[in-house]
Amino acid sequence: MPKAMLTRAHRRRAILAAVLVLAAGGLAGCAESAAQVTSAPPPEPLAPCAWWYGIGQPPSQNALKLAAQRYEVVVLNADQGAAMRKLHELNPQIKVLVYKDLSSTRNYPGAVVDGKDAQFLPTGIGYVAAQQQHPEWFATDNHGNRIEWQGYPRHWQMTVWDPAYQQAWSSAVVSEVQQQGWDGVLADNDFNSLSHYSAAVLAGTSSASETDRKLRDGLDAFLSLVGDAFQKAGKEFVPNVSETHLTPGRWTAHSRFGGAMEENFGFREDAGSGGLLTFRGNEFQEMRAQAALGESRLLLVTRTRSEQQDRAGYASAALLAGPRTCWTPATTDDYRNPEWSPLQNSGLGEAVDAAGRLANGVWTRTFTNGWVAVNPTSATQTVTPPPGLVAAGEQRQATPSASPTSSAPPAPVRLAAADGLVLVKPK
């Protein structure tokens, strides 16, 4: 039957089939997990929700009112407890996570006040406390020097592989989240390589690759400890995990405690001349499996400096549509303001099939009220949309001949490299 006529049960079976195919390839977990999936239908794969990474300026009252209306998830700094409580008051369904850094301690003004650690920190361990009680938690290079992050003054790399540091971070952050009433934590800098912050080689390693391996292994163990603690506390734990396209299974492993954040989602390679980095390696396939299962939160950020980047980011997120998939554009690097794209009002509805890949590399997906396509390759490709749809934002300018009942055959369109299409039924 036509896709538009599929029942909800058919749609759920289609999504479930996609999950099981991925599971057979080893990306959706063990056989036991697959058996659990088959015991109940997956949740509805709705178009991506909106979220706000609000770690820039403290939010105004107007921003909070807008956020309560627009967003399903908000991330705020630890000193914004009053704003968190206001959001809960305005919208009891909203989830508000507190920002905490896994990998650094900081002593810039605000993190340290009058020679003391601030009451509410951007990190799990205060600089002054570490300096006085556990100086061994400061990572050092092979010359014995502490490692300050380049481009981020007074951010100091910590020994994320040290079980004592891991336990102290976990205990402090879980306690704060419970006491203050946060819904969980956004744990930043679950990174793949120290090279993004420093060229230093860690003490006890002989090369950058050994340094990075030590950090990754340490963070793997760190995530297990903290994730277990947050699950027991009934709180969300969402790490900002980086470069998972380089390590098969890393997205799945690091999102298993409630979700993960991808801060460079839909990022274009080769200084803006290549394809979309998210589709390299296993990352996108692992994201598909997690999104379809509906058990993990996907918090996706696309750096948008143009309409093309906006389209590519939102359409790529729609390929991952699920009950816990959220997307936001980022028009600044410091997250100063609540973000919003007109595409978030497109009204795609619910996915009626799993995302599929054409022979030329283009991905497409059909929704109850529209259709999306993404060309993640580095060359222009051709794709044929379903008939009767118009570009999102142009619904009200549609002519009668463009209605869904039009008998005109669909025409192929050329989709530029690293671009997307978001088409919807005309109103």
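Numbers here simply count residues along the sequence, with the first being 1.
- Each of T123, N240, D101 was scored for a side chain to side chain donor-acceptor pair (under 3.5 Å) with N189, with one residue passing: D101.
- The main-chain N or O of R305 is found under 3.5 Å from a side-chain atom of Q309 such that the two form a donor-acceptor pair.
- Heavy atoms only, all atoms of each residue included: D117 and Y127 are closest at OD1-N, 3.1 Å.
- Between the S224 side chain and the D220 main chain, a donor and an acceptor come within less than 3.5 Å of each other.
- At most 12 non-hydrogen atoms from other residues, nucleotides or ligands lie less than 6.0 angstrom from OH of Y152.
- Annotation: W327 is not in aromatic contact with F265 [ring centroid separation under 6.0 Å not met].
- The shortest non-hydrogen separation linking A78 to V98 is CA-CG2, 3.5 Å.
- Side chain of K235 to backbone of W182: a donor-acceptor contact under 3.5 angstrom is found.
- Under a 3.5 Å cut-off, the side chain of R365 and the backbone N or O of L319 do form a donor-acceptor pair.
- Here the straight-line distance linking atom OG1 of T140 with atom CG of L202 works out to 7.5 Å at 0.5 Å rounding.
- The minimum heavy-atom distance linking G258 with V238 is given by the pair O-CG2, 4.4 Å.
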Is there a ring-ring contact (aromatic ring centres under 6.0 Å, His included) between Y108 and H155? Walk through the geometry before answering.
CA-CA 8 Å; Y108 52 66; H155 293 55; 5.3 Å; yes
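- Exactly one of K95, R297, R324 qualifies for a salt bridge (Lys or Arg N to Asp or Glu O under 4.0 Å) with E72. That residue is R297.
- Between R213 and E210 no salt bridge is recorded (no basic side-chain N to carboxylate O distance below 4.0 Å).
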Which is it for V383 and V413 under the side chain to side chain contact (heavy atoms under 4.5 Å, CB included) test, yes or no, and what are the steps along the way?
CA-CA 6 Å; V383 64; V413 299; 3.8 Å; yes
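- Shown here is F267, whose CZ atom has no more than 12 heavy atoms of other residues, nucleotides or ligands within 6.0 Å.
- Taking the charged nitrogens against the carboxylate oxygens, D334 and R336 do have a contact shorter than 4.0 Å, which makes a salt bridge.
- When every heavy atom of M84 is checked against every heavy atom of L76, the shortest pair comes out as N-CD1, 3.8 Å.
- Between F191 and Y197, the two ring planes are perpendicular [angle over 60°; tilted spans 30° to 60°].
- For the atom pair CE (M158) and OG1 (T105), the distance works out to 5.0 Å, reported to the nearest 0.5 Å.
- In this structure, N282 contributes its side chain and P248 its backbone to no donor-acceptor pair below 3.5 Å.
- Of the possible donor and acceptor atoms, one in the side chain of E148 sits under 3.5 Å from a partner among the backbone N and O of R154.
- Using a 4.0 Å cut-off between a side-chain N of Lys or Arg and a carboxylate O of Asp or Glu, K100 and D188 do not qualify as a salt bridge.
- Remark: the backbone N or O of A200 is paired with a side-chain donor or acceptor of S198 at under 3.5 angstrom.
- Ionic pairing of D190 and R216 is not present here: no N-O contact between side-chain nitrogen and carboxylate oxygen is shorter than 4.0 angstrom.
- Judged purely by atom type and a 3.5 angstrom limit, S255 uses its side chain to pair as donor or acceptor with the backbone of W251.
- Looking only at distances, a side-chain donor or acceptor of E286 sits under 3.5 Å from a matching main-chain atom of T252.
- With N77 contributing its side chain and I55 its backbone, the two residues share a donor-acceptor pair below 3.5 Å.
- W161 and F222 have their aromatic ring centers separated by at least 6.0 angstrom.
- In this pair, F279 and W363 present their aromatic rings tilted. The plane angle is within the 30 to 60° band.
- Salt bridge E295/R256: absent, no basic N to carboxylate O contact under 4.0 Å.
- Aromatic rings of Y335 and W52 (six-membered ring for Trp) have centroids beyond the 6.0 Å cut-off, not under it.
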Given the rule in the salt bridge (Lys or Arg N to Asp or Glu O under 4.0 Å) test, do R280 and E269 qualify, once you have shown the distances and angles that lead to the verdict?
CA-CA 10 Å; R280 276 185 50 189; E269 296 184 87; 2.8 Å; yes
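- Annotation: Q178, atom CD; neighbour count of heavy atoms from other residues, nucleotides and ligands within 6.0 Å is above 12.
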